[in-house]
A.B. asks: 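Right, I'll just put the structure down here and ask away after.
All heavy atoms count here, side chains included; hydrogens, waters and symmetry mates do not. Every chain is numbered from 1 and lettered A, B, ... according to where its sequence line falls, protein lines coming before strand lines.
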There are 2 protein chains.
Amino acid sequence: MKTIEIDDELYQYIAGQTQHIGESASSILRRLLAIETKELVIKPSNQLADISTLVKLVYSDNFLAEKKLVNRFISILSTLYLCNKSLFSVAAASLHGSKRRYLAKNEETLLRSGNNTKPKLIPDTPYMVITNSNTARKIYIIESLMQNMAISTHIIEQVTKQFVTK
Amino acid sequence: MKTIEIDDELYQYIAGQTQHIGESASSILRRLLAIETKELVIKPSNQLADISTLVKLVYSDNFLAEKKLVNRFISILSTLYLCNKSLFSVAAASLHGSKRRYLAKNEETLLRSGNNTKPKLIPDTPYMVITNSNTARKIYIIESLMQNMAISTHIIEQVTKQFVTK
DNA sequence: GAAATGATCGCGGGGATCTTTC
DNA sequence: ACGAAAGATCCCCGCGATCATT
């Protein structure tokens, strides 16, 4: 459970939507947001996405509309984290080059590990990635991560293939 | 202010709807619930798009995620065409500077009307726009178009305000 | 010498700023 | 001649190929 703060008026509005005595805020809000929330409700409670999310991503119009590989790179990383936070964290911790660290929660770590590493935040994630690398290295990073996260070879192939699609 | 308790999944969902860094829970919820309400109440015509499409666009995650003003510029133009093709065409025909033509169906027209006008195709549209201009001129172009399309001042203000959001 | 990794720097696009026109 | 509007040059910055290093 989490706690959020809302203004009094909004609170009254939500409370006014109660359908049975003792109904929880979550229950009311889920009903009000029903359309958007539907898919979320049927998912296992401790996982927000599965691997199909990753596959969908790399074939999506949005993804393919993005021409800059950095952005494709980062959105793949963001989705990988979403798929499995703990596996991602383990994989991220053991991924590095001879000098450079590739992923870290701390910008300093990445800055100190090399010159001009250009760390960027991975959205919806506590992690940052190094960005100053050529395409081959970006592929290496996502491939390594996926392998360490025990993602099937078939899916890894699809993702890397879509990654470089021009 | 009041505090409510919600489950983690729902919390994630709501947090994921954040449109601006630091946006409050109230703000997010109000938007989600307001849009929801509006859609239930207003559903009179069977048009493919109305002006609300434009408003939704400029508040959408996708739009705000795009930091380059050219791209915001072009997506607004694309939506304006979708909203009303004939009004758009009329407005486009009468919009130009002292030398430059701003919109045309023909690239040549735009190239010949000035130097380095950098015409770009407006997606889902038979039109092209010139792109080599500063922010003020881009605002001028969308403002003029919207005015000539008889869009309300209030909406024009919202669109131009969101356009330059950083 | 070859392969793997690092990081410099060339290239292109965006749009502020300078130039020109009205 | 002066200010405002419009045009378009060109600086800045990000991307990532290419070159340097291990």
A.B. asks: Should Lys120(B) be listed as having a side-chain N or O under 4.0 Å from OP1 or OP2 of dG14(C)?
C.D. replies: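 Lys120(B) to dG14(C) OP1/OP2: side-chain N or O found under 4.0 Å.
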A.B. asks: Can you tell which of dC15(D), dG14(C), dA8(D) lies closest to the side chain of Val70(B)?
C.D. replies: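 In terms of side-chain proximity for Val70(B), the closest of dC15(D), dG14(C), dA8(D) is dG14(C).
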A.B. asks: On the nucleotide dG7(D), are OP1 or OP2 found under 4.0 Å from the side-chain N or O atoms that Lys138(B) carries?
C.D. replies: no
A.B. asks: Rounding to an integer number of Å, can you tell me how far Arg72(A) CZ sits from dC15(D) C1'?
C.D. replies: 14 Å
A.B. asks: If dC11(C) has a Watson-Crick or G-U wobble mate with both distances under 3.5 Å, name it; if not, just say none.
C.D. replies: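 Paired with dG14(D).
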A.B. asks: Just name whichever nucleotide pairs with dG1(C), Watson-Crick or G-U, keeping both distances under 3.5 Å, else none.
C.D. replies: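 When the pairing criteria are applied, nothing turns out to pair with dG1(C), so the answer is none.
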A.B. asks: May I have the distance from Leu95(B) (atom CG) to dA5(D) (atom C1'), rounded to whole angstrom?
C.D. replies: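 One finds 14 Å between C1' of dA5(D) and CG of Leu95(B), rounded.
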A.B. asks: Any chance the side chains of Ser78(B) and Tyr127(B) put a donor and an acceptor closer than 3.5 Å?
C.D. replies: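 Tyr127(B) and Ser78(B) do not have a side-chain donor-acceptor pair below 3.5 Å.
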A.B. asks: Please report the distance, rounded to the nearest Å, between CD1 in Ile130(B) and C1' in dT9(D).
C.D. replies: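 So the two atoms are 15 Å apart, to the nearest Å.
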A.B. asks: What verdict does the side-chain contact (heavy atoms from CB on, under 4.5 Å) test give for Ile141(B) and Phe73(B), after you've listed the backbone C-alpha separation in whole Å, the side-chain angles of each residue and the deciding distance to 0.1 Å?
C.D. replies: CA-CA 9 Å; Ile141(B) 291 173; Phe73(B) 179 62; 3.9 Å; yes
A.B. asks: Check for a donor-acceptor pair, side chain of Gln162(A) on one end and backbone N or O of Val58(A) on the other, with a separation under 3.5 Å.
C.D. replies: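 Yes, the answer is positive, given that a donor and an acceptor are paired below the 3.5 Å cut-off.
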A.B. asks: Once you apply a heavy-atom cut-off of 4.0 Å, does Thr131(B) come out as touching a base, just sugar-phosphate, or nothing?
C.D. replies: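 No contact.
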A.B. asks: Distance criterion of 3.5 Å, no angle test: do you see the side chain of Asn132(A) paired donor-to-acceptor with the base of dT8(C)?
C.D. replies: yes
A.B. asks: Given that Ala136(B) and His96(A) both sit by DNA chain C, which one's nearest nucleotide is further toward the 5' end?
C.D. replies: His96(A)
A.B. asks: Taking only the side-chain nitrogens and oxygens of Thr135(A), find out if one of them lies under 4.0 Å from OP1 or OP2 of dA17(D).
C.D. replies: yes
A.B. asks: Could you state the CG-P distance from Asn116(B) to dT17(C), rounded to the nearest angstrom?
C.D. replies: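 It works out to 20 Å between those atoms.
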A.B. asks: Could you work out which one of dG7(D), dT5(C), dC15(D) sits closest to the side chain of Ser98(B)?
C.D. replies: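 The answer is dG7(D).
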A.B. asks: Which whole-number value in Å describes the distance from Lys67(B) NZ to dC13(D) C1'?
C.D. replies: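 So the two atoms are 17 Å apart, to the nearest Å.
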A.B. asks: Distance check needed: dT5(C) P versus Ile139(A) CD1, whole Å only.
C.D. replies: 14 Å
A.B. asks: Would you confirm whether Thr165(A), through its side chain, and Lys161(A), through its main-chain N or O, come within 3.5 Å as a donor-acceptor pair?
C.D. replies: yes
A.B. asks: Assess the side chains of Thr117(A) and Asn115(A): does a donor N or O sit below 3.5 Å from an acceptor N or O?
C.D. replies: no
A.B. asks: Write down the distance between CZ (Arg137(B)) and P (dT17(C)), rounded to a whole number of angstrom.
C.D. replies: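 Taking CZ of Arg137(B) and P of dT17(C), I get 17 Å after rounding.
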A.B. asks: For dA8(D), does either OP1 or OP2 sit under 4.0 Å from a side-chain N or O belonging to Arg100(B)?
C.D. replies: yes
A.B. asks: Could you check how far CD1 of Ile74(A) sits from P of dG14(D), rounded to whole Å?
C.D. replies: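 From Ile74(A) CD1 to dG14(D) P: 13 Å.
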A.B. asks: With sugar-phosphate meaning primed atoms plus P, OP1 and OP2, does Tyr102(A) contact a base, only sugar-phosphate, or nothing at under 4.0 Å between heavy atoms?
C.D. replies: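 Touches sugar-phosphate only.
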A.B. asks: Picking from dA7(C), dG15(C), dA8(D), which would you name as closest to the side chain of Lys99(B)?
C.D. replies: dA8(D)
A.B. asks: Given Tyr102(B), which of Arg137(B), His96(B), Lys138(B) fulfils the side-chain hydrogen bond (donor to acceptor under 3.5 Å, both in side chains) condition?
C.D. replies: Arg137(B)
A.B. asks: Heavy atoms from C-beta onward define the side chain here; which of dT17(C), dC15(D), dG6(C) lies closest to that of Asn134(A)?
C.D. replies: dG6(C)
A.B. asks: For the side chain of Tyr140(A), starting at C-beta, report the closest nucleotide among dG16(D), dA5(D), dT5(C).
C.D. replies: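 Nearest to the side chain of Tyr140(A) among the choices is dT5(C).
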